Trainee: 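There's a structure below that I have some questions on.
In this text the structure is predicted, and so the values were computed from the model without any measurement. The chain is numbered in sequence order, starting from 1.
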Amino acid sequence: MTDSPATTRPRRSSRKSGWKSLLRDVVVIFVVAVLVSFLIKTFVARSFYIPSGSMENTLQINDRIIVNELQPKVFPLQRGDVVVFKDPGGWLPAPAPSTGNALQQGVGAVLDFVGLGASDSDQHLVKRLIGLPGDTITCCNALGQMSVNGVPLKEPYVLLPAGVQQVSGKPFTVTVPAGKVWVMGDNRYNSADSRYHMDDPGGGFVPLDDVVGKAFVISWPLSHWTWLSDYPETFAGVEDPEKK
């Protein structure tokens, strides 16, 4: 015996309703996932790639890093942190025009939106934070060391040319103003950092408002995967200015 038309209609209607419900659920899940990714990228963490060798050997060209955006928005930065910051003004050349076809640019824009892309990395800089507001930084003593608040630093992360002892080829003494930080690249003789912008209107200091966050891990390539240290032992003896 075959089903009559009266008995088949409800089944087809039920199947159609089921597909609509499934499609609706998939769309909702997708939209929520995109929004969550966007919120994470905006307020918690995002990816950047390394376009230059100024942080070698800590970071290599084309490494990708994950940046914690809760620092300094929620939690304070520490001396020794590897930080990503926007150009304070005149540190970087003008960005090159976009390349690629419309599809590539569209995909890149979507990845940037959800925090998986890093197309604006060449508009940011990555350096190590050496001085906090109020710190006095001097270089170099007789041993070629840099000092923070009178305490000489042993900096195992610094890359120097063969036979060179001084951790900076440019001597300087600065006191960091309120609301700003002093940053330097680990590749000290190949980093246009705070030292080389002392004659700029900002004096080489980076406003805390321009700091995107603290880099805490190298995420790619997998062979370079590692947590990034802030070397607390290097700065352990440095007292805050108000405690001196």
Side-chain angles (χ1 to χ4, degrees), residues 37-56 58-99 105 108-135 137 174-188 190-220 228 230:
S37 298
F38 171 73
L39 292 173
I40 290 174
K41 175 246 183 178
T42 303
F43 300 107
V44 181
R46 61 177 297 192
S47 174
F48 287 90
Y49 76 86
I50 306 304
S52 77
S54 69
M55 282 295 291
E56 292 177 341
T58 302
L59 300 173
Q60 305 298 318
I61 296 174
N62 292 328
D63 277 356
R64 283 185 177 265
I65 55 176
I66 304 297
V67 173
N68 175 9
E69 295 184 286
L70 296 178
Q71 292 178 269
K73 294 177 183 176
V74 179
F75 304 105
L77 295 170
Q78 305 292 329
R79 302 178 189 92
D81 287 343
V82 176
V83 295
V84 172
F85 55 98
K86 296 181 292 185
D87 185 353
W91 288 38
L92 292 172
S98 299
T99 58
Q105 293 181 17
V110 171
L111 292 176
D112 287 344
F113 180 80
V114 299
L116 298 177
S119 65
D120 63 346
S121 291
D122 57 0
Q123 300 167 36
H124 293 76
L125 298 101
V126 183
K127 306 293 180 189
R128 192 175 298 276
L129 193 158
I130 301 297
L132 292 168
D135 286 345
I137 306 150
V174 296
T175 298
V176 185
K180 299 187 178 182
V181 292
W182 179 267
V183 297
M184 299 173 69
D186 289 355
N187 191 354
R188 288 288 165 79
N190 188 26
S191 176
D193 48 40
S194 288
R195 296 167 294 167
Y196 295 92
H197 294 278
M198 295 174 65
D199 294 331
D200 292 0
F205 303 106
V206 177
L208 280 168
D209 289 343
D210 287 345
V211 177
V212 175
K214 171 189 173 181
F216 65 94
V217 68
I218 300 174
S219 60
W220 190 263
L228 292 171
D230 58 2

Trainee: Does Ile50 form a side-chain contact (heavy atoms from CB on, under 4.5 Å) with Gln60? I'd like the steps, not just the answer.
Mentor: CA-CA 7 Å; Ile50 306 304; Gln60 305 298 318; over 6 Å; no
Trainee: Test Ile65 against Val82 for side-chain contact (heavy atoms from CB on, under 4.5 Å), laying out the working first.
Mentor: CA-CA 10 Å; Ile65 55 176; Val82 176; 5.6 Å; no
Trainee: Please tabulate, for the side chains in residues 174-186, all donor-acceptor contacts under 3.5 angstrom to protein atoms that are two or more places apart in sequence or on a different chain.
Mentor:
unit_1: Thr175; atom_1: OG1; unit_2: Thr136; atom_2: OG1; d: 3.0
unit_1: Asp186; atom_1: OD1; unit_2: Arg128; atom_2: NE; d: 2.9
unit_1: Asp186; atom_1: OD2; unit_2: Thr58; atom_2: OG1; d: 2.5
unit_1: Asp186; atom_1: OD2; unit_2: Arg128; atom_2: NE; d: 3.4
unit_1: Asp186; atom_1: OD2; unit_2: Arg128; atom_2: NH2; d: 2.8

Trainee: Between CG of Asn68 and CG of Leu228, what distance do you get to the nearest 0.5 Å?
Mentor: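 Rounded to the nearest 0.5 Å, the CG-CG separation comes to 12.0 Å.
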Trainee: Would you say that Asp87 contacts Gln123 through its side chain, given a criterion of any heavy-atom pair below 4.5 Å between the two side chains?
Mentor: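 Side-chain contact under 4.5 Å: no.
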Trainee: Please confirm whether the backbone N or O of Gly213 pairs with a side-chain atom of Gln71, one donor and one acceptor, at under 3.5 Å?
Mentor: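 Checked: no pair found.
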Trainee: Can you tell me how far the CE atom of Met55 sits from the CD1 atom of Ile61, to the nearest 0.5 Å?
Mentor: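 Those atoms lie 13.0 Å apart.
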Trainee: Can you sort out the partners of Asn187 under side-chain contact (heavy atoms from CB on, under 4.5 Å), two or more places apart, ordered by chain and number?
Mentor: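 Result, side-chain contact (heavy atoms from CB on, under 4.5 Å) vs Asn187: Glu56, Leu159, Asn190.
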Trainee: Can you tell me how far the CD atom of Glu69 sits from the CZ atom of Phe75, to the nearest 0.5 Å?
Mentor: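 Nearest 0.5 Å value for the CD-CZ distance: 13.5 Å.
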Trainee: So, taking the atom named OH in Tyr49 and the one named CG in Leu59, what distance separates them when rounded to the nearest 0.5 Å?
Mentor: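 Going from the OH atom of Tyr49 to the CG atom of Leu59 covers 14.0 Å.
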Trainee: Charged N to carboxylate O under 4.0 angstrom, Asp193 versus Lys127?
Mentor: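 Not counted as a salt bridge, because no side-chain N and carboxylate O are separated by less than 4.0 Å.
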Trainee: Please determine whether side-chain contact (heavy atoms from CB on, under 4.5 Å) holds for the pair Val212 and Lys86, giving the CA-CA distance in whole Å, both sets of side-chain angles, and the decisive distance to 0.1 Å.
Mentor: CA-CA 7 Å; Val212 175; Lys86 296 181 292 185; 4.2 Å; yes
Trainee: Work out which heavy atom in Val67 is nearest to a heavy atom in Phe216; give both atom names and the distance.
Mentor: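 Result for this residue pair: C-CE2, 4.0 Å.
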Trainee: With a 4.5 Å limit on heavy-atom distance, are the side chains of Pro133 and Leu208 in contact?
Mentor: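 Side chain of Pro133 against side chain of Leu208, heavy atoms only: contact under 4.5 Å found.
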Trainee: Check Pro72 against Leu77 and note the closest heavy-atom contact, atom names and distance.
Mentor: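 Nearest heavy atoms, Pro72 then Leu77: CB-CG, 3.8 Å.
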Trainee: Look up atom CH2 in Trp91 and atom OG in Ser194, then write down how far apart they are to the nearest 0.5 Å.
Mentor: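 Reported value, rounded in 0.5 Å steps: 3.5 Å.
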Trainee: How would you list all residue pairs meeting salt bridge (Lys or Arg N to Asp or Glu O under 4.0 Å) that involve residues 196-213, not counting sequence neighbours?
Mentor: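 Those involving residues 196-213 do not exist here.
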Trainee: Looking at Leu129, Asp81, Leu70, which hits side chain to side chain contact (heavy atoms under 4.5 Å, CB included) with Lys214?
Mentor: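 So, applying the side chain to side chain contact (heavy atoms under 4.5 Å, CB included) to Lys214 and each of Leu129, Asp81, Leu70, only Asp81 qualifies.
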Trainee: Nearest heavy-atom pair of Asp230 and Gln78: which atoms, and what distance?
Mentor: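 Between these two residues, the closest heavy atoms are OD2-CB, 4.5 Å.
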